[in-house]
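Before any comments, here is the structure.
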Amino acid sequence: MLEHDVLIIGAGLAGMRAAIAAKAGGANTAILSKVHPVRSHSNAAQGGINAALTDRGDRWEDHAYDTVKGSDFLGDQDAIEVMCRAAGKSLIDMEHMGVTFSRDDEGKLGTRNFGGQPIARTFFVGDFTGQALLHVMFEQLVKSGVQSYEEWFVTSLIQDGEQIAGVLALEIRTGVLHAIRAKTVIFCTGGCGRLFEPSTNALIVTGDGMGLAYNAGAQLMDMEMVQYHPTTLAGSGVLISEAARGEGAYLRDKDGNRFMEKYAPNMMELASRDVVSRSEQTEINAGNGVNGCVYLDCTHLGEALIMEKLSQIRELGIDLAGADMIKEPIPIRPGMHYIMGGIKTDIDGRTNVPGVYAAGECANVSVHGGNRLGANSLLDTIVFGERSGRHAAEAASGMDFIEFNESAVVRQEESRIQQMLDRPENGDRWGSIRQDLGDSMNKNLAVYRDQAGMQETLNLIPGLKSRYAGVPVQNKGRVFNTDLVFALELGYMLDCGEAITASALERKESRGAQARTDFPSRDDDNWLKHITVTKGEQGVELGTLPVTITKWTPEERKY
Amino acid sequence: MDVKVKIRRYDPDIESPVSYWEEFSLAVPETATVLDALIQIREDMDGTLSLRCSCRSAICGSCAMRVNGHAVLACQTKASESLDSEGIITVEPAGVMPVMKDLVVNFDPFWEKIRTVEPYLQPQGPEPEGEYIASNESMLHLSGVTACIMCGACVSDCTVLEVDPTFLGPAALAKAYRFTADPRDGNAEGVSQRRLEQLSMPSGMWDCTRCNECVQACPKGVAPMDRIMSLREQAMDVGLGNNNGARHAEAFTELVAHSGRLDELRLPVKTVGMFNIPALLSFVPIGLRAMTHGKLPPLMHKSVANVQNIRRLFNKVNQSR
């Protein structure tokens, strides 16, 4: 049987960083991903990575404060301190690995402005920083010689009681189901954006790790905190980087007014993302937009700057919306982008399930709280990817493999999958169930929320789950049966959607990304706490956990 | 907008599988990409259709395939601009790599070649405490190459790989250039001597025939062929001239500088060497074939009129280097 001390599920930035760290820690390490590592969604991070470098007069404490404030004081400050302290070294490590970061006139790393931070501490490669980092991390993965299972999909976890014993995984290329024994498993599977429609997220972002961990007893936390990015392109809904505003772009209403002066007179377009998205939505709702959009105006930035620093998003505007940002403002709107919530971990990546770790977007350490600052996500993946890999390797060195009957677990899982394949045609499709879920989430759990809307979504989910239980899989074949993979993913999306909606209904206040029209203010007395979700016998069980506050007491948030 | 999408399909699960065409008729929005159409087919019409796709914004590199005969990213290709006169969009799997199912090809050979070029930075000196100091221009230049998303479009349409699977190919060579051109890789002067030596071996940089297909196919403007030409310059600059490719380039230049046009009879002789009898004999069959087809170059090579102007041009270029 295949066996590894540390098995990482997901090969984006967090996963590969974890794998490299675990291997360096002496563990027999493998990484498994449903796509080739360089196809991972870390690619899509455009604007940059934050770090406070002391040699240019920045302070990690300032970065931490901005992050705490950005989180609307819901982030755990001990974790935020860990991340911001580690940022400088992590950034320089990435540069040493070969990332082609933009430079200043002296040849040192250059910075750009980013939202929610009064000083420029975002380091970048054009407007494709995530891709640049991901490919370099893949180079390091190749160099490290970590075993890599590419285009494998985890269908279930194997547990001995609570303790993780291994995973069952489908080799997509052959359709063969494998059991892999593992002492520790690290989930680095990314977010769950596809359960919203539209979303900036790639089609692979389906909450697999959150769903698997939740079903294995792990606690999810802050699931109601879903980030709507202020600038997603009209029509297709793809991401237009915050780097545009970082470089000086304006937001304008249909009459050309820079409406952000009403909402964030100091930071204007560079207020935190939740604030900017709410402002846009308020304007659109008031009839000051056009076709549900407002405008992102880059025309004053000049062709040279756009071609050097924003060329990729310019191409996207031309290809997908027929608008060239050099010549005209482009239509944008808030769109689902990121989930701050995820599998609850400590600062070393440990979850409440023995042997299970998590890092990156699927995890919640929690450094983002109610709202993530732009360019903190790449940092999160690298810092906590490394920590989880290191600590999982350390833990595994003192553990034995847990025995289980390989052929029995494989047979059992094969028969579960065969039952899915054998379902009779009933005219329903997984795509239409996902669409119904996505439409409802985007209608009722978007920038503004209220009780009635969210309840409507929560009421819809049991019906979707029962449709899911009978949805046929048209492709009965073995090789590259993506139809089957999508059907399996939808199960995770439904679980995540339920957790998000239940948590959002529970939080009776407005904080960070959760803006309730029926509870419009922040309520520190009652809701300065995390909401947790675990799977109970009756389904979703909600709980709370305190927020860790070290240096920064909650205050009114203004930009 | 009504479109017909004609897809080259292949199902390895059936007995004696063969590829076949299947046509789907559907209505898509005016702004739809070819990928949008394929996803619509997969979700609403035929769940057995397999393809790789993910980001929908030309950054993950999953959906390279041939649309109307040329490799593209399906997510970057507008359906409305891909219709032929009968309203049909023709979609096939990427070329060169073996098909596994429908539009999914086997990338193993692709990644093997990427591995061959040792695709990670290899500085020879000690690491600085802070970042390496480097000019923004050098980083911008490299970013033009690291913009490669490894989609395989260039490999799909490479005319050398089509006939010689051992060729490293445009993606791996562009990847290699990303290191040889990096001031942080190699020695203190940024020279990656060992890499250039390995890349000068057969199946390496000198095997490109400069057909330009990879430049056309690349969806990210990486222009792999131009990077291969830069590799050749780097190799010759560090004295790696003792191979057929480099000698061919030298001989080509020398002959044109001498008479103003190529002396096709002397080119192979100068490339392999006057006394390299086995190599020279290997040209005999091709020479005979050329002769019987009336394509043998004239035995007496004449200079062009006013050849001194050509020579002046060469002198000028040489002086400016």
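Below, chain A is the first sequence line, B the second, and so on; all start at residue 1. If you're wondering where the values come from, they're calculated on a predicted model, not measured in any experiment.
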Side chain, backbone, both or neither: which part of [X] has an atom under 4.5 Å from a heavy atom of chain A?
X	result
B:D13	side chain
B:S143	both
B:T33	side chain
B:I39	side chain

For [X] against [Y], the heavy-atom pair lying closest together:
X	Y	value
A:G98	B:D182	O-OD2, 4.4 Å
A:T482	B:L49	OG1-O, 4.0 Å
B:M100	A:F480	CE-CE1, 3.7 Å
A:N475	B:S50	ND2-OG, 4.2 Å
A:L203	B:C53	CD1-SG, 3.7 Å

> In terms of ring plane angle, is the pair A:H36 and B:W111 parallel, tilted or perpendicular, where the classes change at 30° and 60°?
Replying inline: parallel
>> Under 4.5 Å from any heavy atom of chain B, what part of A:I318 do you find: side chain, backbone, both or neither?
In response: backbone
Kindly check if the number of other-residue, nucleotide or ligand heavy atoms within 6.0 Å of [atom1] ([X]) is above 12?
X	atom1	answer
B:H70	NE2	no
A:D105	CG	no
A:N426	CG	yes

Sub-3.5 Å donor-acceptor pair from the side chain of [X] to the main-chain atoms of [Y], do we have one?
X	Y	value
B:R56	A:V238	no
A:E95	B:Y132	yes
A:Q474	B:E43	no
B:E127	A:D93	no

> Going by an N to O cut-off under 4.0 Å, is there a salt bridge joining A:E315 and B:K220?
Replying inline: no
> Should B:I59 and A:Q312 count as side-chain neighbours, where that means a heavy-atom distance under 4.5 Å?
Replying inline: yes
> Any side-chain heavy-atom pair from B:D108 and A:R173 closer than 4.5 angstrom?
Replying inline: yes
>> Show, in sequence, the C-alpha distance, side-chain angles and deciding distance for B:E131 and A:R103, and conclude whether the salt bridge (Lys or Arg N to Asp or Glu O under 4.0 Å) test is met.
In response: CA-CA 10 Å; B:E131 68 266 45; A:R103 298 301 213 266; 5.9 Å; no
> chain B: which of A:V479, A:V125, A:I204 shares the most heavy-atom pairs with it under 4.5 Å?
Replying inline: A:V479
